[in-house]
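Please read the structure below before turning to the comments.
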Amino acid sequence: MNIKVVAGNIAEQNTSAVVVNLFEGVKEPGGATGAVDKAMGGAISALIADGEIKGKRGELTLIHTLGSIAPKRVLVAGLGKADSFTLDGVRSVAAETARHLNGIGVESATTIVHGAGIAGLDDHASAQALAEGVVMGLYRFDKYKSNAGDSSLSEVTVVEFDQSKVETLRQGAKAGRVIGEAVNFCRDMANEPANNMTPSEMAERALEVAQAHGVELEVKERPWMAEMGMGALLGVAQGSEEPPKFIIMRYSGDPENEENNIGLLGKGITFDSGGLDIKNAAGMSTMKGDMAGGASVIAAMQAIAQLKPKVNVTVIVPATENMPSGTAQRPGDVVRAMNGKTIEIDNTDAEGRLVLADAMSYARSVGLSRLVDVATLTGAMSVALGDQCMGAFGNDDEFTQKVVDAGNAVGERAWPLPMFDEYKSQYSSDIADIKNTGGRGAGSITGALIIGEFNDGAPWVHLDIAGTARARSSKGATVKGATGVPVRTLVQLVCDLAG
Ligand code: BES
Ligand code: ZN
Ligand code: MN
């Protein structure tokens, strides 16, 4: 997708379609919409007067201009009520208009920035949300469809009347394209079937990022994991024929200050059968997506490496399948994680916390001072919060709030859950330091607390995306299938930390 920003009058653009907008209840359009209306002899106000255009959110009205102005078509997008219009609205409207124009075969479209006028949204942020919406909204995973055609829409030009705003809009649009592409890269990984998205393939995708954007990459194999004492990760991996990979990526945005760093960790279970505590058919059907957390941190790195914030970022993905077999780990086994803690395997299906235990221990051993982990960790997460927001769990309220704020700023909501010490007794073991499950109650919290056993006191936030990693239908910038959550939150957080 090519996104340009130019100065000019939208009504005079030589293009097959221009997009303008209207807030609900506006009878006489102003700004760019007013200019187009005027140039067309009042065609838009006539449709408003007839009640055909109301400006409701989601409303799209296509007008063929038949030579009355330079653009061939005008698409009027309803924005809903002005006082409740946010950057989320910009992103959604951009996505929906892009999908609409793509659907009717438009190759190149011209648009104004929604929301920067009456709604008073920030120019940079609006342009960014617009670009994110276009890129994310047009996403499709159709590589296995024999009859998949190409997307038609390949160029969007943003027109701004005020020349002095153009440079800001350009920067916002560029950031939005980079971030939207990272989201789609995450979606591509998480939508890919598990027969192709193996741990080795995850490492390949990380290599693509490393080569394209100049970040460091190390991919560690089984013998290294054994040397490091990663018994928890190796225990999960031992049932699978696929070799596990421990993926490490490093971006140095502040090389003079080593300690100005953050570790982004992601669960990389490329297929979760449950292991010997095997899932049923319904439970297993979406488990190719159990590496969505890992995909999100690799994809966030793709954007971070291009946006270049002044902070050092290390991405860590423990990647393996969780399979039942003659070599698989058994319920009742005891493993030792890298930090020395022993874990009784109460349930082989609680594998995410095991691989993250070693990833966390490793992160601390290499001096990472702030940690965020992302995981499709617990089915209980969907029970608690559904698909409207992620769960956020942490050991440092200020840092947790920073992560939640970053999510709110980009329209990916996270909600903090309590981490009371009293929950910890739920996962005490008779024979080991802890066991890997905490019983039925508060399942997402005990899962988070178990990961927290390995953070060695560093400020840490765990995001459980079990409910939000996959969408059942398309809406706004969300496309059915893998959502790419929380790539945008992670990128925003890292940029916030860089100041
Ligand atoms: N990957 C699953 C969690 C999951 C379930 C993610 C549904 C997305 C949708 C995880 O590894 C798992 O199996 N968790 C168990 C934990 C339990 C055994 C303590 C669960 O949630 O049932
Ligand atoms: Zn899992
Ligand atoms: Mn599992």
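Remember, it's 1-based here, ligands and their atoms both numbered in the order they're listed. We're numbering straight along the sequence, starting at 1.
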Could you identify the single nearest non-hydrogen protein atom to [atom] and state the distance to 0.1 Å?
atom: atom 14 (N) of ligand 1; answer: L377 O, 3.4 Å
atom: atom 17 (C) of ligand 1; answer: A350 CB, 4.4 Å
atom: atom 21 (O) of ligand 1; answer: G379 N, 2.7 Å
atom: atom 15 (C) of ligand 1; answer: D349 O, 4.0 Å
atom: atom 16 (C) of ligand 1; answer: R353 NH2, 3.9 Å
atom: atom 19 (C) of ligand 1; answer: T437 CG2, 3.8 Å
atom: atom 2 (C) of ligand 1; answer: D272 OD2, 3.6 Å
atom: atom 1 (N) of ligand 1; answer: D290 OD1, 2.8 Å

Can you tell me if [atom1] on [X] sees more than 12 non-hydrogen neighbours from other groups inside 6.0 Å?
X: R222; atom1: CZ; result: yes
X: K288; atom1: NZ; result: yes
X: W415; atom1: CH2; result: no
X: K480; atom1: NZ; result: no
X: R364; atom1: CZ; result: yes
X: R413; atom1: CZ; result: no

Contact between [X] and [Y] at the side-chain level, heavy atoms closer than 4.5 Å - yes or no?
X: M202; Y: I247; result: yes
X: L368; Y: V366; result: yes
X: E344; Y: I434; result: no
X: R330; Y: D333; result: yes
X: M189; Y: I298; result: yes

Among the heavy atoms of M381, does any lie under 4.0 Å from an atom of ligand 1? no
Can you tell me if R470 contacts ligand 1 (heavy atom of the residue under 4.0 Å from the ligand)? no
Donor on one side chain, acceptor on other, T478 and T483, under 3.5 Å: no
Donor-acceptor side-chain pairing of N196 and Y144 below 3.5 angstrom: yes
Heavy-atom contacts with [X] under 4.0 Å: which atoms of ligand 1 show up? List them by number with element.
X: E351; answer: 11 (O)
X: M287; answer: 1 (N), 4 (C), 5 (C), 6 (C), 7 (C), 8 (C), 9 (C)
X: A466; answer: 6 (C), 8 (C)
X: K279; answer: 2 (C), 12 (C), 13 (O)
X: K267; answer: 1 (N), 10 (C), 11 (O)

Can you tell which part of T286 has a heavy atom less than 4.0 Å from ligand 1: side chain, backbone, both or neither? neither
E351 atom (N/O/S) at minimal separation from the Zn ion (ligand 2): OE2
Among the N, O or S atoms that D290 has, which is closest to the Zn ion (ligand 2)? OD2
Considering only N, O or S atoms, which atom of D272 is nearest to the Mn ion (ligand 3)? OD2
Checking only N/O/S atoms, does K267 have one that is under 2.8 Å from the Zn ion (ligand 2)? yes
Taking both backbone and side-chain atoms into account, decide whether D272 has an N/O/S atom under 2.8 Å from the Zn ion (ligand 2). yes
Please state whether the separation between the Mn ion (ligand 3) and some N/O/S atom of D290 is under 2.8 Å? no
Looking at D464, D373, D290, which hits side chain to side chain donor-acceptor pair (under 3.5 Å) with K267? D290
Using the Mn ion (ligand 3) as the vertex, how large is the angle between OE1 of E351 and O of D349, rounded to 10 degrees? 70°
